Amino acid sequence: MIDSIEQLVKRALEAIDQAKETTDLNEIRVRFLGKNGAYTEILRGMKDVKPEDKPRLGKLINEGRVRLETVLAEKEAAFRAAEMARVLEKEAIDVTLDKSQPIGSLHPITKVKNEILDIFVGLGFKVEEGPEIETDYFNFQLMNIPKDHPARDMQDTFYVSENTLLRTHTSPMQAHVMLSQKPPIRIVVPGKVYRADDDASHSPIFNQIEGLVVDKDVSLAHLKGTLDTVAKALFNQDTKTRFRPSYFPFTEPSVEVDVTCSVCGGSGCRLCKGTGWIEILGAGVVNPKVLENCGVDPNEYSGFAFGLGVDRIAMIKYGVPDIRSFYENDVRFLKQYK
Ligand code: PHE
């Protein structure tokens, strides 16, 4: 019996040694250690063994069994490790290879817009957004531009129907905010606006950032201080601002704001057409009529507002000569601003 036990262990070890994959090991386990396996067979033979031989034989059988189980487990672990190594090898990703997926980037207008908004948020402004399709009432009438007002000619309008239109500026958001929030108000509103206009410096779609501050005792000086700070943050610390008298129906007084040309620093170049200055926005003290239209008491509150051309600033920052390049979606152009 001792011989047959040793024979059995030897045969099993040989089989394990020759196994090629996990299924072979499973088969071996069943064949030798299973319910009807060779080992079980031997155990059954124990009933015929003499009582004094039982402890010795039993020990031998058990040791053989433990041995086989250990070797099987080791072999199994080795197969698993080899399989894992194979999978890792096959599914390896070469992270140095960047040809498989073209990586996108933010549109230059989005980048400049985010940069400007960041500056205003740093000054305590809140960001609001609103609809691109507006009513005549919000786009014009609440902004103190009644029907047949000549100022409507300043903003060639795309009409959707008689009383709805593609907003020509972000200013109607002044009204939306004043009608729904109580002063103090300190907001910036980025958004697309539309005008029937198309040349190197005018695109039928472009981007503005509206600004509105309404509080007690707000004056033109606050407007100047705010815009001066923003211009320095946006271009560089040497940038100066200049206010020129202008006209908008919704502000009184109204100004157009220029910054010193960031290319020549003010001495005059092609970008600033030799003047040293570049216009970036329209602004002014909120017309008391607009406050009144929007439910704010002009005897208690005053405000300033501005409408900044994001495209113009992007053109200045990146030296882009034609505004329409931003809207043609030519990836060769867009890729330059990654
Ligand atoms: N809405 C004006 C425009 O689009 C800009 C502006 C905004 C002017 C706010 C003054 C105050 O031209």
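Atoms within each ligand, like the ligands themselves, are counted from 1 in listed order. Since the structure is predicted, the reported quantities are computational estimates derived from the model, not experimental observations. Values reported hereafter were calculated over all heavy atoms of this structure, with side chains retained and with hydrogens, waters and symmetry mates removed.
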Check contact between Met143 and ligand 1, using heavy atoms of the residue and a distance below 4.0 angstrom. no
Under 3.5 Å, is there a donor-acceptor pair between the Asp228 and Thr241 side chains? yes
In the protein, what heavy atom is nearest to atom 2 (C) of ligand 1, and what distance, to one decimal place, separates them? Phe250 CZ, 3.7 Å
Which protein non-hydrogen atom lies closest to atom 7 (C) of ligand 1, naming both residue and atom, and how far is it? Gly307 N, 3.2 Å
Among non-hydrogen protein atoms, atom 3 (C) of ligand 1 lies closest to Arg195 NH2, 3.6 Å
Atom indices of ligand 1 within 4.0 angstrom of Gln174 heavy atoms, with elements: 9 (C)
We want to know whether Thr260 and Asp238 form a side-chain donor-acceptor pair, criterion being a heavy-atom distance below 3.5 angstrom. no
Would you check whether Thr251 has a nitrogen or oxygen atom less than 3.5 angstrom from a nitrogen or oxygen atom of ligand 1? no
Quick one: do the Asn26 and Thr23 side chains pair a donor with an acceptor below 3.5 Å? no
Applying a heavy-atom cut-off of 4.0 Å, say which part of Ser171 lies close to ligand 1: side chain, backbone, both or neither. side chain
So that I know where these two stand, are Phe120 and Phe306 an aromatic pair - ring centroids less than 6.0 Å apart? yes
Electrostatic pair Glu210:Arg167 at N-O distance under 4.0 angstrom: no
Kindly state whether the ring of Phe250 and the ring of His169 have centres lying under 6.0 angstrom apart. yes
In ligand 1, which numbered atoms sit nearer than 4.0 Å to a non-hydrogen atom of Phe306? 7 (C), 9 (C), 11 (C)
Consider every N or O of Gln208 and every N or O of ligand 1, then say whether any pair is closer than 3.5 Å. yes
Looking at Glu292 and Lys289, does any basic side-chain N land under 4.0 Å from a carboxylate oxygen? no
